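Step one of this worksheet: look at the structure below.
If you're wondering where the values come from, they're calculated on a predicted model, not measured in any experiment. If you read the sequence from its start, that first residue is 1, and numbering goes on from there.
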Amino acid sequence: MSVSCHIKIGDGDGVSAAGWLVVRTFQEVPRVGEFVAFSRDGKRDEAGVLLADLYRVQRIIHTAATDLDAGMVTLDVIIEQEADRTLE
């Protein structure tokens, strides 16, 4: 079973550095302190490799489902290591 998670990219001080949320699907919900990697822009380099940034999970927010809305999982992450995009 896979889990769709909304991702909030912050700067570590609780302030959003990116200012937007993006939905990614994981096999299971990552835990606080774990590292996750995904591409923000979905672009590939000249060799066709998808460039992924490394993030660390700061907080996990589970929002309960209601009659009107489905449940939601939000991961609050910070950038640990950005992909080297200088080769593009």
Is there a path of hydrophobic side-chain contacts, each under 4.5 Å between heavy atoms of I/L/V/M/F/W/Y residues, joining I9 to V23? no
What's the spacing between E28 CD and S2 OG if we round to 0.5 Å? 11.5 Å
One should read off an interatomic distance between M72 CE and T63 OG1, to the nearest 0.5 angstrom, of 4.0 Å
Return the minimal non-hydrogen interatomic distance between A65 and G71, and the atom names on each side. CB-N, 3.3 Å
Enter the distance from R31:CZ to I60:CD1 here, rounded to the nearest 0.5 Å. 9.0 Å
Nearest non-hydrogen partners of H62 and V73, listed with the distance: ND1-CG2, 3.7 Å
Do the non-hydrogen side-chain atoms of Y55 and E80 ever get within less than 4.5 Å of each other? no
Are F26 and F35 grouped together when hydrophobic residues (ILVMFWY) are joined by side-chain heavy atoms under 4.5 angstrom apart? no
E34: what forms a side chain to side chain donor-acceptor pair (under 3.5 Å) with it, not counting sequence neighbours? none
Rounded to the nearest 0.5 Å, how far does CZ of F38 lie from CG of L51? 14.0 Å
Between D76 and G10 the two heavy atoms that sit nearest each other are OD1-N, 4.5 Å
Which one of I7, L75, V36 satisfies the side-chain contact (heavy atoms from CB on, under 4.5 Å) criterion with R24? I7
Taking all heavy atoms of V32 and all of Q58, pick out the closest pair and write down the distance. CG1-O, 3.5 Å
Applying the 4.5 Å side-chain criterion to the ILVMFWY set and letting contacts propagate, would V29 and V77 be lumped into a single cluster? yes
